[in-house]
Number of protein chains: 2
Amino acid sequence: MSKYVATVGSAAYEQIKKDIIYGVLTPDTKLKLGAMKTTYSASVSTIRETLSRLASEGFVVAEEQRGFFVAPVSREDLIEIADLRILLECTALKTSVELGDNEWEANLVAAYHKLHLAEQQILNGDLAITETWKRCDSEFHQAMISACNSDNLLSLHSVIFDKYLRYQMSVLTNRGANAVKEHKRMCDAALKRDTEKAQTILTQHITRGLKHALTAFDTRD
Amino acid sequence: MSKYVATVGSAAYEQIKKDIIYGVLTPDTKLKLGAMKTTYSASVSTIRETLSRLASEGFVVAEEQRGFFVAPVSREDLIEIADLRILLECTALKTSVELGDNEWEANLVAAYHKLHLAEQQILNGDLAITETWKRCDSEFHQAMISACNSDNLLSLHSVIFDKYLRYQMSVLTNRGANAVKEHKRMCDAALKRDTEKAQTILTQHITRGLKHALTAFDTRD
DNA sequence: ATATCCTATTTATTCGAAAATAAAGTCAAT
DNA sequence: ATTGACTTTATTTTCGAATAAATAGGATAT
């Protein structure tokens, strides 16, 4: 199940990206090449290449001649990211619901099922599977919009989704039962080809998540 | 006026990106590290880093263990890019027109003026300033949406805009006088704070450009 | 005490070469 | 002629070291 990684570079990329999203590398941390060399077992050139990639995706900030830093977080940035997720995901959702074929339906049902199982475990208090749960969440949303017929849109969405995920993780806003119900209702609406309803639920889903994240953000130490 | 470049890496980045957008490096071309080393006077590690960045922006395709290629072009991709440009630029335009202050107005008027001058030269047949003209066009559209209050949105738009520009350049679709008029009408609508009108004109502006590009694309050798 | 200049140290940038992999070419067998 | 194994060449990937720049520390002057 874990991703097969051919090169040292792509292994470092996956790991560093994950470490940023899951808060192992905290916002604004200086990413010293010498240190990362040992942590991620790759040469400085390879690490640089990786950080450059992450910088152009916005997970890292590169300052000429001064090195790399984990991208900062802010209230404003969180709002921007949430708004963009609504914009991109709703746009993709519309087309996907309209165009999705049997293959899409089957994939969606499967993804929903896996997500459902993970959500039950989380609701039972099994925090050890947080990463699995979040991957299922990601794959479910991806499955919803996968028939949107625009690879460009999907790849923009993917980056924004991951940035949103970093905020989710940083405040670990378990909206629990509510978010679970929204997933079910959104999935049902999509399968019934009710585009508008699916979009409305998705927008609420993200907006409510944003609200929770914002209050957590405001009241953080 | 030309951008000050501090490092070998960023110089190579700017140049290679420009060469892809302006068609010096044509779609699907294999980008051999050894060759680029001499062309862009940088070491192979530096070139790799640059190509990785361009790959994550989508101007280059990276195939593990097989190297880098200039991103392909296709009818479908062109349509996707145009649609995304409409989505992102219209969204940004709305907020920008609503929020733009005096500073924004002044910047917009200045950018429009520079674009206007360049357009006159182009209409007079001076093709030597094509690159300048396109930069003015880019800066004008950027000025229109600059008050949208979302850096994330602006940076997504910037990448999509450049991808659209590559298609424009590849078919060199001089819609001439028409596009010129659209710029004027859109700028006026924005300054009058007529959001809807500005959005309508922008959508037409891009849609018409797309149509021209598509016919050129279909009838290419 | 504060600012300024110089020095030492850390860190980023860049390079060229070694190792690993893929592609092209060669030749024999069917 | 075409396939398949083997060899050679070309290319990518990875590394460690040389260079260049920024930061930190210390001494001096105001």
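Computed over heavy atoms, backbone and side chain alike; hydrogens, waters and symmetry mates excluded. First the proteins, then the strands, lettered A, B, ... as listed; each starts at 1.
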Distance check: side-chain N/O of [X] vs OP1/OP2 of [N], anything under 4.0 Å?
X       : N      : result
A:Ser43 : D:dC15 : yes
B:Lys30 : D:dT11 : no
A:Arg66 : D:dT23 : yes
B:Lys37 : C:dC15 : no

- Is the count of non-hydrogen atoms from other residues, nucleotides or ligands lying under 6.0 Å from B:Glu103 atom CD greater than 12? no

Distance check needed: [N] [atom2] versus [X] [atom1], whole Å only.
X       : N      : atom1 : atom2 : answer
B:Gln65 : D:dT11 : CD    : C1'   : 11 Å
A:Arg48 : C:dT13 : CZ    : C1'   : 6 Å
A:Ile47 : D:dT14 : CD1   : C1'   : 12 Å
A:Phe68 : C:dT10 : CZ    : P     : 21 Å
B:Tyr40 : C:dT14 : OH    : P     : 17 Å
A:Arg53 : D:dT13 : CZ    : P     : 11 Å
A:Glu49 : D:dT12 : CD    : P     : 12 Å
B:Met36 : C:dT14 : CE    : P     : 16 Å

- Could you tell me the separation between the CD atom of B:Glu119 and the CH2 atom of B:Trp133, rounded to the nearest 0.5 Å?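 Between B:Glu119 CD and B:Trp133 CH2, I get 7.5 Å after rounding to 0.5 Å.
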
To the nearest 0.5 Å, atom CG of A:Asp77 lies from atom OH of A:Tyr167 at 3.5 Å

- Check against side chain to side chain contact (heavy atoms under 4.5 Å, CB included), A:Lys32 and A:Lys37: CA-CA 9 Å; A:Lys32 290 182 201 165; A:Lys37 187 172 129 94; over 6 Å; no

B:Ala42 has its side chain closest, among D:dT13, C:dC15, D:dC15, to C:dC15

Looking only at C:dA12, C:dA17, C:dT14, the nucleotide nearest the B:Val44 side chain is C:dA17

Kindly say whether, by distance alone, the side chain of A:Ser45 makes a donor-acceptor pair under 3.5 Å with the base of C:dC15?
yes

_Under a 4.0 Å threshold between the charged nitrogen and the carboxylate oxygen, would B:Glu57 count as salt-bridged to B:Arg53?_
no

